[in-house]
Amino acid sequence: MGFLNYLIFKEHNKTEEFVLRENKRRDCDTVHNAASLDVFEKEALEDDFTDCTVSDEILKKKISGDLGFNINVIKKIYKIPGNSDLVSRQFNITVADKVLKGFIVFIDGLTDRVSISNNILQPLMLLSNIDIREDVKNLGEFIYNRLLPFNQIKKVDNYKELVGNINFGGCGIFIDGLDYAFAADVKSWEHRTVSSPNSETVIRGPQEAFNEQLRANTALIRKILKDKDLMVEGTTVGKRSNTPCAILYIRDIANDSLVHEVIRRVKGIKVDYIFDTGELEQLIEDNTVLAAPQIIATERPDRVAMMLAQGNIAVVMDGSPFVLVMPATITEFLHTTEDTNIRYPYVNFIRIIRIIGVLIALLLPGLYIAVTNFHQEMIPTNLLFAIEASRENVPFPSVVEILIMEFSFELIREAGIRVPGAIGSTIGIVGGLILGQAAVSANLVSPIMIIIVAITALGSFSIPSFSMSFSIRLIRFAYIILGATAGFLGIALGLLVNSLMLAASKSFGVPFLTPFGPITNGKYSDKLSRKPIWKQENRPDYLNPKDIKSQPRISRSWTVKNNESEGDEDED
């Protein structure tokens, strides 16, 4: 009893409860409106400089020729030594019997320390002691041309550009007496290697996918498009993140106004941080509330190369394995790169299957509800009796029944994606077979409802684009409600409204339903169906490319006589 009282009434030491107090930013106007950077030495502003970060106005100022002053600025910008991954090093160099002080700064983990030691520090600290047989008239040019053998180095005259290079895996080099710094590109960080695509698998075609490195992704595209006119324009997005990205196009094919519009939208984004092309897509698309995607997001370099070759624009972002391609039309979401690698009879058959899959995924549940609730006369008598017998012991209406099954299937799909691979496939099997059979045995749903939901799921899996598949899965619930409310009339009304919304939407100036609404007069031969490859002479006319011809009228010159082939080529 005494021991029990000890446990109950013993006073335990109480820990102090943490309270998250309000912490507003300090008034840094005194610092940000300073006329010059010499305020770093003023004791009256010591507290302000401790609590306030360096503003963009100060970063845009020119680099000073005073090395000590530059060191103080860099230490203030990065709060050295508070930042443990910032590495700084001071050293001396000898040039023409003069001893000069130097200073380098870089971020550990983003840079190649061996390159910094062998190609920057060693030449400056050791090779500078070699006898110089020429007059050193310009100290900066001599260091740049003779003492820095590193292959990627440039001069930077302001702190903002230098800080941007350091944050992206560069090394900043300051020399006393120079009013500019050197920025060496020594980036080297851990990254994922080029692997096979996960969401866009094909049987016949390249098996390479983008990774999270910007330059690796642009190199994958250039490896396919060995074209001197392929342009890769670099820029950054995000006021604070400064995420590098690149805009790709072929300058003698892509429409100039389209290129300018893409660049205008990307550079016109005013956000602090942006990390992935999924965020970028939402910030530059025309209609943000439309369920259908208006920009193609792909992880396949060959698809990007094919679309660039026909006049599209691509945007690659560092840190994202998906590349955005614009503009996009509804037919392109039903195409895959495999369509160009197999014979056109096979392609047209597969595309018919995809179109049927889209219609099934979109309308089948709604049509089933409409027929069973309002239009029973359309069902054959024997089938009607079979449906009625299967639903005799089910306590729910058919619309509630199908909503339960659709929601359950979406839950299984989401669970299978979020858990590890081996367990995910197991969850799909358990959810699809065992739970479905158990639901039928418990008279919660009818067997025909399991068939309807399963066929609908197979139809959605046949859509190549994940974004378009998601859009159709979302709109399907609206058609279920419309079918349960007004039968075929409700579904027809939904199709009308959906078609009007799609017809009114555009992707970078191109109507989304092109080339069907509006109908174009061009001879582009890769719409829903596809012509043989030797008949695909023109690029899409709705892109208004500079060069509409992608190949001559007779591309298989071996099928005609030599003189006729030469005459045709001369005519083109």
Side-chain angles (χ1 to χ4, degrees), residues 107 109-112 114-116 119 150-154 164-171 183-202 204-238 241-254 259 262-263 266-267 274-278 280-281 295-326 336-338 340-341:
I107 299 177
L110 296 183
T111 55
D112 185 359
V114 176
S115 295
I116 294 175
N119 300 323
F150 193 73
N151 56 357
Q152 289 182 312
I153 195 167
K154 63 179 179 179
N165 282 273
I166 294 174
N167 291 340
F168 194 46
C171 176
D185 186 4
V186 290
K187 65 173 66 72
S188 175
W189 51 70
E190 296 296 330
H191 60 275
R192 185 168 58 94
T193 59
V194 177
S195 57
S196 301
N198 293 323
S199 61
E200 298 177 85
T201 57
V202 298
R204 185 168 185 178
Q207 302 297 324
E208 291 180 333
F210 292 117
N211 60 16
E212 287 75 16
Q213 271 197 310
L214 175 67
R215 281 294 164 252
N217 293 340
T218 56
L220 287 173
I221 298 174
R222 279 199 179 273
K223 187 179 69 170
I224 300 174
L225 284 177
K226 303 173 182 66
D227 191 344
K228 62 179 178 58
D229 294 316
L230 175 61
M231 297 293 297
V232 181
E233 294 193 13
T235 184
T236 59
V237 291
S241 63
N242 290 314
T243 307
C245 67
I247 301 171
L248 285 72
Y249 61 93
I250 301 178
R251 60 181 177 179
D252 61 340
I253 295 179
V259 174
V262 174
I263 295 176
V266 172
K267 292 186 176 181
I274 182 169
F275 304 108
D276 191 80
T277 52
L280 181 64
E281 178 183 0
I295 297 175
I296 294 176
T298 177
E299 59 175 346
R300 297 192 61 89
D302 54 337
R303 188 177 189 188
V304 175
M306 291 176 186
M307 299 194 72
L308 288 174
Q310 70 181 17
N312 292 80
I313 316 296
V315 178
V316 186
M317 178 181 290
D318 186 68
S320 176
F322 283 84
V323 173
L324 302 181
V325 184
M326 65 284 291
T336 66
T337 56
E338 194 174 31
T340 61
N341 299 327

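The minimum heavy-atom distance between V194 and A209, with the atom names listed, is CG1-O, 3.5 Å. The two residues V304 and A314 have their closest heavy-atom pair at CG1-CB, 3.8 Å. Minimum interatomic distance between T111 and G169 (heavy atoms only, all atoms of both residues): CG2-O, 3.5 Å. When every heavy atom of N341 is checked against every heavy atom of P206, the shortest pair comes out as ND2-CD, 4.4 Å. What you find for F275 and S241 is that their closest heavy atoms are CE2-CB, 4.4 Å. Closest approach of T340 to M306, counting heavy atoms only: OG1-CE, 3.1 Å.
Under the 4.5 Å side-chain criterion, counting only non-hydrogen atoms from C-beta, M326 is not in contact with N312. Taking the side chain as every heavy atom from C-beta outward, V315 and V323 never approach each other to under 4.5 Å. Residues F210 and L220 have side chains in contact (heavy-atom distance under 4.5 Å, counting atoms from C-beta outward). Looking at C245 and L280, their side chains never come closer than 4.5 Å, going by heavy atoms from C-beta outward. With a 4.5 Å cut-off on side-chain heavy atoms, D112 and K187 do not count as touching. Between K223 and E208 the shortest side-chain heavy-atom distance falls below 4.5 Å. Two residues are said to be in side-chain contact when any heavy atoms from C-beta on lie closer than 4.5 Å; L248 and L308 meet this criterion. Residues M317 and P244 form no side-chain contact, since every pair of their non-hydrogen atoms from C-beta on lies 4.5 Å or further apart.
Taken to the nearest 0.5 Å, the OG atom of S320 stands 10.5 Å off from the CG atom of N211. From T243, atom OG1 reaches atom CG of D276 across 10.0 Å, with rounding to the nearest 0.5 Å. Separation of atoms CG (D185) and CZ (R215) is listed at 9.0 Å; rounding is to 0.5 Å. Expressed to the nearest 0.5 Å, how far CG of L324 lies from CD1 of I296 amounts to 10.0 Å. Taken from CD in E338 to CZ in R204, the straight-line distance is 9.0 Å, to the nearest 0.5 Å. A distance of 10.0 Å separates CD of Q310 from CD1 of I250, quoted to the nearest 0.5 Å.
Sorted by first then second residue, the salt bridge (Lys or Arg N to Asp or Glu O under 4.0 Å) pairs that include residues 295-323, not counting sequence neighbours, are E200-R303, R300-D302.
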Handout entry: E233 vs Y249, side chain to side chain contact (heavy atoms under 4.5 Å, CB included): CA-CA, chis, key distance, verdict
Key = CA-CA 9 Å; E233 294 193 13; Y249 61 93; 2.5 Å; yes
Problem - Derivation of the side chain to side chain contact (heavy atoms under 4.5 Å, CB included) call for Q207 and V202 - result: CA-CA 8 Å; Q207 302 297 324; V202 298; 3.8 Å; yes
Exercise for the section: Test N165 against K154 for side chain to side chain contact (heavy atoms under 4.5 Å, CB included), laying out the working first. Expected result: CA-CA 10 Å; N165 282 273; K154 63 179 179 179; 3.5 Å; yes
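Partners of D252 according to the salt bridge (charged side-chain N to carboxylate O under 4.0 Å, His left out) rule, which considers only residues two or more places apart in sequence or in another chain, do not exist here. With sequence neighbours excluded, the residues forming a ring pair (Phe, Tyr, Trp, His ring centres under 6.0 Å) with F168 are W189, listed by chain and number.
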